[in-house]
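Note sheet for the following structure.
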Protein chains: 2
Amino acid sequence: MDHHPDLDMLGRTELFQGVSADALRVIHESATRRQVVAGEVVFRQGDPADALYIVAFGRLRASQTTADGQQVIIRYIGPGEVAGYATLSRGEAHPGTVAAVDDSRLLGWTRAAITQLMERHPVVAMNAVAMLGARYHEMQVRLRELSTEKVERRIAHTLLRLAERAGRRSKLGIEIAFPLTRQDLAEMSGTTLHTVSRTLSGWENTGIVDCGRRRVVLCKPQALVAIAEEAA
Amino acid sequence: MDHHPDLDMLGRTELFQGVSADALRVIHESATRRQVVAGEVVFRQGDPADALYIVAFGRLRASQTTADGQQVIIRYIGPGEVAGYATLSRGEAHPGTVAAVDDSRLLGWTRAAITQLMERHPVVAMNAVAMLGARYHEMQVRLRELSTEKVERRIAHTLLRLAERAGRRSKLGIEIAFPLTRQDLAEMSGTTLHTVSRTLSGWENTGIVDCGRRRVVLCKPQALVAIAEEAA
DNA sequence: CGGACTTTTGAAGTAATTCAAGGGGAGTGG
DNA sequence: CCACTCCCCTTGAATTACTTCAAAAGTCCG
């Protein structure tokens with residue numbers, strides 16, 4: 001028998017890297033599998049946090065919604081990354097909604113299972129600490145950007161972060177590897193879709209980006225870096 | 001010998017709650033003590049993250065500074081709370097600067113010590129996960145506020161959060177229990193000290209707050225909640 | 001080819017910043 | 001105890017970056 005291809009994948013995830021092959025097999029067997037299609041909701045803000053998922057394939061989006069319906073995108077979740085961190089950390093409810101932006105395949109564990117795994121395998125707990133520390137740090141950076149930078153710089157930073165985490169080399173430059181509307185960029189940058197549209201149009205005129213419907217390509221990343229870092 | 005009063009304190013901190021009394025004693029003995037006076041820096045942004053502190057007494061402030069010198073206040077750190085989380089989570093450098101806002105007494109551990117503690121005592125690792133999850137969640141909420149709310153609501157939220165975490169009942173209402181300038185409030189709310197000043201003046205006229213030099217008292221907290229939650 | 005999204009662009013409006021100046025409080029040192 | 005000085009705070013006026021409002025043009029899909 002059976003070296004399931006998921007085992008390699010699991011061994012390289014942020015949560016399970018460094019776990020022994022034997023333990024990985026047990027972990028894998030205790031997982032539930034779930035397929036979601038683009039647009040499908042994995043869990044909703046306020047749902048009880050009783051499961052945690054790892055993306056095996058595809059991409060999810062975590063967002064928070066305000067009482068009056070405005071959205072903020074917290075992050076995109078790609079292969080090997082965790083959705084539903086509240087399940088790790090004593091949170092009772094999911095703080096945000098997670099939905100698929102592409103057809104995706106997930107592995108899931110119950111709260112009881114994941115708690116037991118952390119207790120039994122210190123490396124898993126350490127990985128969880130490292131992961132949450134990294135996310136906390138990323139949020140600090142975004143908070144600082146949102147507090148101190150003007151819109152154009154924020155949009156530049158947003159695009160550069162997306163390219164970093166989900167960029168794909170293409171003919172014209174680095175392409176963001178999943179569908180992304182102006183509204184999405186606005187919800188990541190703390191502005192409106194109008195301002196994003198105007199800004200991208202400006203950049204398109206100078207050849208910095210090339211974009212279309214739900215698609216953005218960074219043609220001159222270093223020009224974007226210059227905008228993101230500029231003193232003003 | 002010796003039931004050191006710090007032991008009780010340690011057993012109630014976010015990081016060491018639930019640890020056995022024996023283990024607590026060992027943990028306590030491996031700590032270094034440090035006194036800081038108001039204004040003193042504990043560590044600076046960019047310093048190697050080789051130590052973690054717990055506040056035994058007093059209060060610290062964690063902030064991030066931009067290349068051009070603007071500051072953002074990440075959080076205030078009160079008794080029982082952790083400063084220097086990067087030491088837990090594989091961060092190489094402290095992502096922000098931590099300084100004392102009141103004279104404070106700290107207990108510190110090296111990175112090696114804290115890593116060993118997490119490996120040896122699963123409950124410590126679980127506490128670390130819970131703590132970082134809570135902080136990550138708090139940042140998500142702040143990011144959402146900063147993205148979607150107008151200044152007045154943000155300042156109201158900021159004050160309510162401060163009151164929640166460091167409020168002290170006084171004759172006039174709930175007083176924020178440490179010195180707090182308009183500039184500080186601005187750096188927490190993502191605005192300027194001028195706007196904070198104007199907003200507080202307005203609230204003072206309607207009796208919602210009472211404030212002076214480095215001091216704020218919430219006289220009508222529910223009025224502030226109304227402002228923070230209002231539809232507009 | 002119809003219909004639903006998504007995107008663009010102009011024009012008007014405004015919330016908040018920036019610029020500027022002055023007014024207090026608290027501590028210090030004479 | 002008073003005066004000096006350093007912060008901190010306040011308030012007005014001008015400016016502006018961005019949003020909001022409005023309309024139309026693309027683009028994709030069934």
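It should be emphasised that the depicted structure is a prediction, and the values quoted were computed from it without experimental measurement. Convention: sequence-line order gives letters A, B, ...; per-chain numbering from 1.
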Is a salt bridge present between [X] and [Y], judged by a nitrogen-to-oxygen distance below 4.0 Å?
X	Y	answer
A:Asp184	A:Arg61	yes
A:Glu14	A:Arg135	yes
A:Glu81	A:Arg165	yes
A:Glu145	A:Arg161	yes
B:Arg75	B:Glu138	yes
A:Asp210	A:Lys220	no

| task | Report the relative orientation of the aromatic rings in B:Phe43 and B:Tyr53; use parallel for angles under 30°, tilted for 30 to 60°, perpendicular for over 60°. | result | parallel
| task | Hey, could you give me the CG/CG distance between B:Leu200 and B:Leu159, rounded to the nearest 0.5 Å? | result |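 Reported to 0.5 Å precision, the distance equals 6.5 Å.
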| field | Bounds of contact between DNA chain D and chain A, in 5' to 3' order, using a heavy-atom cut-off under 4.0 Å | value |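 Nucleotide range in contact with chain A: D:dA17 to D:dC28.
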| Who pairs with A:His194 by ring-ring contact (aromatic ring centres under 6.0 Å, His included), at least two apart in sequence or on another chain? |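 Not a single residue meets the ring-ring contact (aromatic ring centres under 6.0 Å, His included) criterion with A:His194.
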According to side-chain contact (heavy atoms from CB on, under 4.5 Å), who are the partners of [X], at least two apart in sequence or on a separate chain?
X	value
B:Ala156	B:Trp203, B:Leu224, B:Ile227, B:Ala228
A:Gln17	A:Asn127, B:Arg90
A:Ala93	none

Partners meeting side-chain hydrogen bond (donor to acceptor under 3.5 Å, both in side chains) with [X] (sequence neighbours left out):
X	answer
A:Arg169	none
B:Asp102	none
A:Ser89	none

| message | On DNA chain D, compare the nucleotides closest to A:Glu152 and A:Arg213; which residue's is nearer the 5' end? | response |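 Result: A:Glu152.
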| Contacting residues from residues 190-197 of chain B, given that a heavy atom lies under 4.0 angstrom of DNA chain D |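 Going residue by residue through residues 190-197 of chain B, the ones with a heavy atom under 4.0 Å of DNA chain D turn out to be B:His194, B:Ser197.
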| remark: Here the residues of residues 170-189 of chain B within 4.0 Å heavy-atom distance, strictly under, of DNA chain D are B:Thr181, B:Arg182
| said: What contact category does A:Arg198 fall into here, base, sugar-phosphate, or nothing, at under 4.0 angstrom with non-hydrogen atoms? | reply: base
| field | Start and end of the DNA chain C segment that chain B contacts, any atom under 4.0 Å from a heavy atom | value | C:dA15 to C:dA26
| said: At 10 degrees resolution, what angle do the end axes of the helix from C:dC1-D:dG30 to C:dG30-D:dC1 form when each is taken over five base pairs? | reply: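 The helix from C:dC1-D:dG30 to C:dG30-D:dC1 shows an end-to-end axis angle of 40°.
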